[in-house]
Novice: 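I am attaching a structure below and will ask some questions about it afterwards.
Numbering starts at 1 and runs along the sequence shown.
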Amino acid sequence: MENLLPPSRFSYFKKYPLHSIRKCLSTLRTQRAEDQVARFQKIPNGENETMIPVLTSKKASELPVSEVAGILQFKNPLIMLLLASAVISILMHQFDDAVSITVAILIVVTVAFVQEYRSEKSLEELSKLVPPECHCVREGKLEHTLARDLVPGDTVCLSVGDRVPADLRLFEAVDLSIDESSLTGETTPCSKVTAPQAAAANGDLASRSNIAFMGTLVRCGKAKGIVIGTGENSEFGEVFKMMQAEEAPKTPLQKSMDLLGKQLSFYSFGIIGIIMLVGWLLGKDILEMFTISVSLAVAAIPEGLPIVVTVTLALGVMRMVKKRAIVKKLPIVETLGCCNVICSDKTGTLTKNEMTVTHIFTSDGLHAEVTGVGYNQFGEVIVDGDVVHGFYNPAVSRIVEAGCVCNDAVIRNNTLMGKPTEGALIALAMKMGLDGLQQDYIRKTEYPFSSEQKWMAVKCVHRTQQDRPEICFMKGAYEQVIKYCTTYNSKGQTLALTQQQRDLYQQEKARMGSAGLRVLALASGPELGQLTFLGLVGIIDPPRTGVKEAVTTLIASGVSIKMITGDSQETAIAIASRLGLYSKTSQSVSGEEVDTMEVQQLSQIVPKVAVFYRASPRHKMKIIKSLQKNGSVVAMTGDGVNDAVALKAADIGVAMGQTGTDVCKEAADMILVDDDFQTIMSAIEEGKGIYNNIKNFVRFQLSTSIAALTLISLATLMNFPNPLNAMQILWINIIMDGPPAQSLGVEPVDKDVIRKPPRNWKDSILTKNLILKILVSSIIIVCGTLFVFWRELRDNVITPRDTTMTFTCFVFFDMFNALSSRSQTKSVFEIGLCSNKMFCYAVLGSIMGQLLVIYFPPLQKVFQTESLSILDLLFLLGLTSSVCIVSEIIKKVERSREKIQKNASSTSSSFLEVRLWQRSGQQLVEVQ
């Protein structure tokens with residue numbers, strides 16, 4: 001049966017008459033239980049997530065048990081390294097390290113799981129796209145049934161406001177218009193008919209005028225149709241299957257952490273080899289050197305790094321929730337920090353998906369601007385700086401009256417029932433206080449709108465003057481309405497319509513159209529063919545509030561924004577220009593042009609393109625692939641079913657929570673609950689801040705690890721007494737991975753970070769600059785600690801005071817090193833000593849703990865320490881502060897160097913402008 005009637009192949013259905021379709025589908029109707037189409041199920045889109053990969057039961061049944069077990073293991077290199085470290089620690093009888101590493105792994109996995117579970121639970125509260133119930137005709141009776149129970153062959157009834165529950169082949173339609181913007185991206189509702197279509201005329205979804213698509217919204221009229229596709233076998237489902245087939249890319253942070261894990265593994269094995277080789281050359285026992293080498297390598301691994309990364313990301317996600325954004329996976333927030341291209345759908349994302357009148361042109365030449373957006377009374381009509389209300393300006397009022405009376409839409413509680421274009425005219429009347437005119441007239445005759453005639457007209461009489469002649473009101477396309485006009489209104493007088501006036505109106509219509517406005521003409525008079533031309537109104541789907549400011553800031557920070565829409569070129573460019581996305585040097589490319597290009601060819605021109613118009617889901621996929629081929633980190637925003645595949649393919653997909661479709665939310669990585677495009681600004685700021693905090697932690701922990709490793713290695717290789725005992729090393733390790741280190745992950749986001757360009761995702765987290773700072777800090781700590789050890793060891797006898805001074809020196813170095821690691825670019829005084837309260841508490845707690853270790857008798861026995869004098873502490877504070885002082889000097893030098901380079905670049909640019917100006921002046925003189 002499926003081979004006989006492929007449910008999603010609409011061209012098959014459209015070229016056959018309805019009785020043939022009914023005959024073929026009748027068998028399906030009687031075999032509902034057996035042949036019911038597979039339901040549209042939500043499948044977690046986490047096949048490539050860091051922690052727990054997903055394996056389908058079908059795939060699992062085809063694999064051996066060993067391969068299934070291998071697929072479901074942890075694959076994060078850093079986690080694998082920690083697991084290996086835990087095993088080695090157990091083999092070396094270092095059970096304290098084994099326990100701490102195991103706890104670290106458990107914390108990482110648990111935090112990630114809990115956060116992602118909470119995000120998924122939040123998603124369940126969002127609205128569904130497909131209606132749960134519908135009206136179905138079975139055995140001649142109208143039933144109220146669940147949409148999920150529909151099967152091919154059922155008959156469904158549609159009315160205004162209904163969501164289409166399945167793909168339907170229409171066989172009855174009365175003035176039916178369906179909003180397909182969620183599927184095709186088209187703002188204007190599509191008028192539907194029942195006649196079969198030729199195969200050559202139904203290539204794309206928008207051209208299939210006898211099909212009602214699942215998930216779309218009935219704006220006007222009523223209809224009946226036969227179910228031809230449900231769930232995954234609908235066009236809605238086709239997009240979902242494309243989305244499921246698309247593999248989500250790894251985030252830049254995951255790549256950086258993978259690379260860091262591999263680097264740490266390499267360095268650890270390098271340390272083992274070098275120390276073993278040197279020990280062997282010095283004649284030491286090879287087994288003893290192996291034991292020492294492995295112990296040092298395991299100790300050098302920062303087991304706190306995965307915890308800090310996970311907790312830092314989780315805190316960022318929690319902050320985003322307060323800003324009305326749901327982040328489904330932890331690493332996604334950081335990904336926006338290196339995003340350099342945002343591909344955004346126009347309808348419903350950059351715009352409100354609410355048609356609004358913005359301009360009025362009267363037949364006698366007046367221009368009026370209209371403020372306010374949406375289907376409500378908020379806004380004003382302004383002529384020459386004066387607000388027009390009621391019948392204050394007759395020329396404007398007559399246009400509003402015609403648009404209000406020749407109208408079938410109704411606005412109740414700011415909700416439109418009817419066509420968006422007619423809703424815009426009703427909202428205009430509400431702004432002028434004239435919406436009551438619709439009830440003042442009794443409609444006698446109606447000429448409904450059709451896509452062929454492109455106009456609508458009504459004949460009415462005034463409710464209080466029913467003995468007067470009927471009045472005809474008309475609205476529609478200018479080229480059609482002007483044919484029925486013989487006169488025009490000029491300052492209250494009716495004058496004959498001349499060719500000069502027609503040319504004037506045509507020019508104004510073209511000007512408004514070039515600005516991206518949808519133009520409607522309005523007229524009134526006693527009869528069709530004897531109408532008086534009243535004027536033109538310009539309607540547009542307006543940009544969302546605050547989008548322009550967000551776009552400006554993003555572009556200034558180095559993020560390129562590209563608008564992808566199914567609308568026409570004129571409308572797309574007009575909206576893009578209003579938002580600041582499109583300039584004279586920008587290019588626009590159509591979906592048809594994208595079809596003719598290969599990904600390689602498109603990748604060469606895509607950097608210059610700001611607008612893609614008449615684009616479909618497959619075009620968006622090719623656009624994203626071409627950008628990613630150029631090395632771009634791509635974010636995709638959208639709200640429709642047509643965006644879902646691209647959202648999955650993009651490095652980060654951002655869906656709209658209120659207007660977004662269910663499939664769109666499923667595909668996205670982040671959901672904007674209140675559909676606010678500006679929230680992306682906050683996400684980018686969070687992403688950059690989170691990455692900076694992770695770098696700060698890496699700098700602190702690696703510099704401390706290298707210093708401790710170097711100190712112990714030098715003492716071992718040079719046959720010096722060990723400057724630190726086992727308990728002191730354990731205490732240092734707790735500080736290195738404990739509260740002071742963890743508190744660096746919650747450093748407040750620097751407000752200037754949004755102005756910095758996106759980072760290159762190819763760059764390792766260990767940049768040359770960061771490595772240099774780590775090495776400088778490590779050298780200072782090692783040299784300072786060895787100096788104190790040498791100073792105390794002049795009698796060549798190790799005493800508790802010697803190890804206490806050395807031990808305390810290293811801990812104080814750690815605290816000052818953490819202080820300087822709070823920012824890589826700004827002084828600690830610029831960011832504020834107490835701006836990170838958790839850091840202050842952590843450092844204070846560590847210092848108090850160190851003092852207890854030194855002065856509390858029971859702990860003195862455990863750590864083998866003795867009390868130090870106040871002068872000893874002052875000496876150590878002065879010495880250990882050097883690591884912070886040197887770090888601050890380095891920051892100062894770097895900032896000065898950047899300032900000099902910036903000034904030099906500015907001077908060079910100004911000099912070039914002057915030279916060009918001089919040359920142009922000389923050329924001008926020569927021409928003259």
Side-chain angles (χ1 to χ4, degrees), residues 92-94 96-97 275 278-279 282 284-285 288-289 291-293 295-296 299-300 703-738 740 777-818 843 845-884:
M92 304 305 298
H93 299 283
Q94 296 176 351
D96 54 344
D97 281 343
I275 294 181
V278 173
L282 292 175
K284 294 192 176 185
D285 181 68
E288 179 186 355
M289 292 309 303
T291 303
I292 294 174
S293 300
S295 300
L296 291 175
S703 59
T704 303
S705 297
I706 292 172
L709 185 63
T710 304
L711 184 66
I712 298 171
S713 299
L714 287 175
T716 302
L717 296 176
M718 295 181 182
N719 286 323
F720 284 175
N722 199 333
L724 302 172
N725 61 46
M727 290 305 299
Q728 292 169 351
I729 294 174
L730 177 61
W731 177 253
I732 291 173
N733 195 49
I734 291 174
I735 293 178
M736 186 175 68
D737 295 318
S777 298
S778 300
I779 291 171
I780 293 172
I781 294 172
V782 171
C783 292
T785 306
L786 283 177
F787 169 73
V788 171
F789 187 56
W790 169 81
R791 179 174 176 266
E792 296 296 325
L793 197 62
R794 290 180 181 177
D795 54 1
N796 292 324
V797 178
I798 291 288
T799 64
R801 172 181 168 80
D802 299 340
T803 56
T804 303
M805 285 289 288
T806 307
F807 174 40
T808 307
C809 176
F810 197 96
V811 171
F812 282 7
F813 263 128
D814 245 10
M815 297 300 99
F816 280 110
N817 188 30
V843 170
S846 299
I847 293 174
M848 293 298 294
Q850 182 66 22
L851 294 178
L852 285 174
V853 166
I854 297 173
Y855 297 106
F856 188 51
L859 291 180
Q860 285 180 335
K861 293 180 181 180
V862 174
F863 288 90
Q864 299 178 17
T865 60
E866 67 177 39
S867 300
L868 300 177
S869 68
I870 189 66
L871 292 178
D872 290 333
L873 294 179
L874 291 175
F875 165 73
L876 291 177
L877 286 173
L879 175 65
T880 56
S881 64
S882 60
V883 70
C884 184

Novice: Under 4.5 Å between any side-chain heavy atoms of F813 and N817, yes or no?
Specialist: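 With C-beta onward as the side chain, the pair stays apart.
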
Novice: For the atom pair CG (L786) and CD1 (I781), what is the distance rounded to the nearest 0.5 Å?
Specialist: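 One finds 12.0 Å between CG of L786 and CD1 of I781.
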
Novice: Do you know the tightest heavy-atom contact between M815 and S846?
Specialist: SD-CB, 3.8 Å

Novice: Do the non-hydrogen side-chain atoms of S869 and D872 ever get within less than 4.5 Å of each other?
Specialist: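 Yes, close enough: below the 4.5 Å cut-off.
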
Novice: Which distance, rounded to the nearest 0.5 Å, do you find between the CG of L851 and the CG of L873?
Specialist: 7.0 Å

Novice: Would you check if there is a donor-acceptor pair between the side chains of E792 and T803 at a distance under 3.5 Å?
Specialist: no

Novice: Ignoring hydrogens and geometry, is there a side-chain-to-backbone donor-acceptor pair from T785 to T806 under 3.5 Å?
Specialist: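 Checking the backbone N and O of T806 against the side chain of T785, no donor-acceptor pair under 3.5 Å is found.
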
Novice: Which heavy-atom pair separates S777 from S703 by the least distance, and what is that distance?
Specialist: CB-CB, 4.0 Å

Novice: Between T704 and F810, is there a side-chain heavy-atom distance shorter than 4.5 Å?
Specialist: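 Of all side-chain heavy-atom pairs linking T704 with F810, at least one is under 4.5 Å.
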
Novice: Between Y855 and L868, is any pair of side-chain heavy atoms under 4.5 Å apart?
Specialist: yes

Novice: To the nearest 0.5 Å, what is the distance between CD (Q860) and CG (L852)?
Specialist: 10.5 Å

Novice: Could you tell me which non-hydrogen atom of T865 sits nearest to which non-hydrogen atom of F807, and how far apart they are?
Specialist: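 Nearest pair, atom of T865 first, then F807: CG2-CD2, 4.2 Å.
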
Novice: Could you tell me which non-hydrogen atom of T804 sits nearest to which non-hydrogen atom of E866, and how far apart they are?
Specialist: OG1-N, 3.1 Å

Novice: Nearest heavy-atom pair of C809 and G784: which atoms, and what distance?
Specialist: SG-O, 4.1 Å

Novice: Do you know the tightest heavy-atom contact between F816 and L877?
Specialist: CE1-O, 3.9 Å

